[in-house]
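A, B, ... follow the sequence lines: proteins, then strands. Residue 1 opens every chain.
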Amino acid sequence: MRFSRLFGKTLRQAPAEAESISHQLLTRAGMIAQEAAGIYSYLPLGWRVLRKIENIIREELDKAGGQELLLPVLQPFELWQQSGRDVSFGESLFTLTDRKQRTLALGPTHEEVIADLVRRYIQSYRDLPLLLYQIQTKLRDEPRPRGGLLRVREFFMKDLYSLDVDEAGLDESYRKTSQAYRNIYARVGLPTLMIEADSGAIGGKESHEFMVLTEGGEDEVIYCSGCGYAANAEKAQSAKTDTAAVSSQGRESRKGEPMNMPCLEEVATPGAQTILEVAKHIGVPTSQTLKAVFYSADGEFIFVVIRGDLEVNETKLRNALKCSDLRLATEGEVIEAGLVPGFASPIGVQRIKVVADDSITSGSSFIVGANKPEYHFRNANYPRDFQVDFIADLALARPGDSCPHCRCELSSARGIEVGHIFKLGTFISERLGASFLDSDGRSRPVVMGSYGIGLGRLLAAIVEQSHDDKGIIWPLSVAPYQVYLCPLHMDKSAVLLAAEKVYQQLQEEDIEVLFDDRDDSPGVKFNDADLLGIPLRLTLSPRTLERQSVEAKWRTKKEAQLLPVENLAAEVKKLLDETVTFES
RNA sequence: CGGGGCGUAGCGCAGCGGGUAGCGCGCAGCGUUCGGGACGCUGAGGUCGGAGGUUCAAAUCCUCUCGCCCCGACCA
């Protein structure tokens, strides 16, 4: 490709609205152009990168036994009603009405369509297992697009669906696919971490995300450098150290052993409303108190009890309650429920759903509100003094907490989710009636798995994590072109002739080359070469030609080397081949 | 949806105690330059996001509206 003919311009300054590094660099390099919030055009250079990523994904999935197909973007709304996900996707689902007044959804994902195909084409266990995938545009009306390509409304996505006869089959598909994912990330040069993820209210048992750790990421990853435990903060667990062990009062009084347990005792705590104030006023650590937090879950008032040193993880709470709408209750709602804000207590509450974090069992003789202004109780013990509807892990794991597996200290980092896989189970297949006959002639629902990679986000993640102050640094495997051919002194005809000849030769060797045939100063050309991030730059000038050579410089390196013009293409090919081997 | 910010030339910005728009980069032409964003001369390019209002007069003041960005909510 000749630079002078290339559609798209490099910009010296990024548009003001581009905040993230990838958005800035991709825009400055003329690879993408924003059309509206969360809607982008891919210009020729960006599209080349996207297609390279696409092909790598395709190769690895095919290798894993996947079969590619293409599914409709326009989907019957009834499919979404049948699965029930018209509700769970809610406003994020784009819908439209056709001329016959039929409602259609613009596919945000394709499990329903797959299940619909399965129920029509799969009758027997002999037809399974299957790995089906598609790579195509998906649409979601995101509440807030952000970060350039990182969170958009229209996006190119690979979705793979595994179809199995049972859980064991699903496990095997899951294993195969996650291995394919590792291969994909390795080939696009992206270090990723496979972490435990929240599978949501609808998802099945197990779910993992592939994260690229980088400052600009929108997710928080909690990880343990001791044992390798890593999870999304939404899902992460931490060890809740048993405070009874360190509490002088409760040393002997473990749960379920009411003997030795001191009686409930009222204590005046004037003005002390927050946990910190209460703990300070009474002179105990915050872990010796119980905190009351109130929520409204799909309209129902919920009383959450958690140890005072911990915070509620709302994702866990939402999953535990199996609700879709969850928000903190207002002070008015708390009072209406007959509670005293700041001094609320689970002791003696009636007709209110009370749920507790399991931390209330790792400790005893807590300080807790008296549900009476300016008073708290001391020596509150579960279950002696109060009951709860259920106990679950509802606590937010925080950096500095202990790892649930090895007790080392947990750390946290920001990450970009570049892949999400999960075991769907039979949720959708049951609802849509996607079943098969097993070898005993019994009808059973197909066990599904779902595995996604957002290609645009992956592309942006590569830039986020591989760039310098000059521009993008593409790994050779996904670079829009492998070689940047950069002649200087275009007015000297010898240079021009030699450059044209090299350009021809490189193309004949099937080397992807961007030929900077513009009559610009060296500074402009070098800076554009760096901005575009083409891996290998070949510079031709009167100086190099004097020595019958061409200067070769890697984008990743500072030094350059001279290559003889004679047989240059073969030499370059050798360099590139060595690098591919090295990278993979 | 809540909070904050911003819409003036392709990009970055100034002008906003009202008087009919300017700078840098980029772009076009000519010439001189040429190993890390060269220089000179000439030139093209703007419904000042949109609508309404106030005024003799609005980019500038007021009201409404649309769009974009950031934080939060949300994101099976």
Interatomic distance at [atom1], [N] relative to [M], whole Å:
| N | M | atom1 | result |
| --- | --- | --- | --- |
| B/A51 | B/C66 | C1' | 10 Å |
| B/C25 | B/C75 | P | 48 Å |
| B/U54 | B/C70 | C1' | 34 Å |
| B/G5 | B/G37 | C1' | 31 Å |
| B/G49 | B/A58 | P | 15 Å |
| B/A76 | B/U8 | C1' | 44 Å |

Taking only the side-chain heavy atoms of [X] (C-beta and beyond), determine which of [options] contains the nearest atom.
| X | options | answer |
| --- | --- | --- |
| A/Ser521 | B/G24, B/G35, B/C34 | B/C34 |
| A/Lys553 | B/A76, B/G35, B/G36 | B/G36 |
| A/Asp530 | B/G36, B/G37, B/A76 | B/G36 |

**Message:** Parallel, tilted or perpendicular: which one describes the rings of A/Phe210 and A/Tyr181, with boundaries at 30° and 60°?
**Reply:** tilted

If we call it a pair only when both distances are under 3.5 Å in a Watson-Crick or G-U wobble match, what pairs with [N]?
| N | result |
| --- | --- |
| B/C75 | none |
| B/G40 | B/C30 |
| B/G52 | B/C62 |

**Prompt:** If you take atom types as modelled and just measure distance, does the side chain of A/Ser541 reach the base of B/G35 with a donor-acceptor pair under 3.5 Å?
**Reply:** yes

State which residues pass ring pair (Phe, Tyr, Trp, His ring centres under 6.0 Å) with [X]; sequence neighbours excluded, sorted by chain then number.
| X | answer |
| --- | --- |
| A/Tyr133 | none |
| A/His420 | A/Phe422 |
| A/Phe301 | A/Phe294 |
| A/His208 | A/Tyr174 |

**Request:** Apply salt bridge (charged side-chain N to carboxylate O under 4.0 Å, His left out) to A/Glu112 and list each qualifying residue two or more places apart in sequence or on a separate chain.
**Result:** A/Arg85

**Prompt:** What residues form a salt bridge (charged side-chain N to carboxylate O under 4.0 Å, His left out) with A/Arg12, not counting sequence neighbours?
**Reply:** none

**Request:** Round to a whole Å and report the spacing from CG of A/Leu11 to P of B/G12.
**Result:** 8 Å

**Request:** Take the protein atom CZ of A/Phe526 and the nucleotide atom P of B/G35, then report the distance between them rounded to whole Å.
**Result:** 9 Å

For [X], which contact category applies under a 4.0 Å heavy-atom criterion: base, sugar-phosphate, or nothing?
| X | result |
| --- | --- |
| A/Arg537 | base |
| A/Thr544 | base |
| A/Arg28 | base |
| A/Glu91 | nothing |

Taking the side chain as every heavy atom from C-beta outward, state whether [X] and [Y] have any atom pair closer than 4.5 Å.
| X | Y | value |
| --- | --- | --- |
| A/Asp520 | A/Asp528 | no |
| A/Leu532 | A/Tyr481 | no |
| A/Lys158 | A/Tyr451 | yes |

**Asked** Can you list every side chain to side chain donor-acceptor pair (under 3.5 Å) pair that touches residues 25-37 of chain A, not counting sequence neighbours?
**Response** A/Glu35-A/Ser41

**Prompt:** Pick the nucleotide of RNA chain B nearest each of A/His489 and A/Val524; which residue has the one closer to the 5' end?
**Reply:** A/His489

**Along RNA chain B (nearest heavy atom to each residue), the more 5'-positioned of A/Met490 and A/Leu531** = A/Met490

Going by atom type alone, with no hydrogens or angles, which donor-acceptor pairs under 3.5 Å involve a side-chain atom of residues 139-157 of chain A and a protein atom two or more places apart or on another chain?
| residue | atom | partner | partner atom | Å |
| --- | --- | --- | --- | --- |
| A/Arg140 | NE | A/Pro108 | O | 3.0 |
| A/Arg140 | NH2 | A/Pro108 | O | 3.0 |
| A/Glu142 | OE1 | A/Arg151 | NE | 3.2 |
| A/Arg146 | NH1 | A/Glu218 | OE1 | 3.4 |
| A/Arg151 | NH1 | A/Glu218 | OE2 | 2.7 |
| A/Arg153 | NE | A/Ala37 | O | 2.9 |
| A/Arg153 | NH2 | A/Ala37 | O | 3.1 |

**Message:** A/Asn313: which residues meet the side-chain contact (heavy atoms from CB on, under 4.5 Å) condition with it, sequence neighbours left out?
**Reply:** A/Thr315, A/Lys316, A/Leu396

Give each protein N/O atom lying under 3.5 Å from an N/O atom of nucleotides 40-46 of chain B, with the pair distance.
none

**Fill in**
Nucleotide by nucleotide, nucleotides 69-74 of chain B touches protein heavy atoms under 4.0 Å in the pattern (B base, S sugar-phosphate only, - none) SBBBBB

**Fill in**
Per the under-4.0 Å heavy-atom filter, residues of residues 462-472 of chain A near RNA chain B come out as A/Lys470

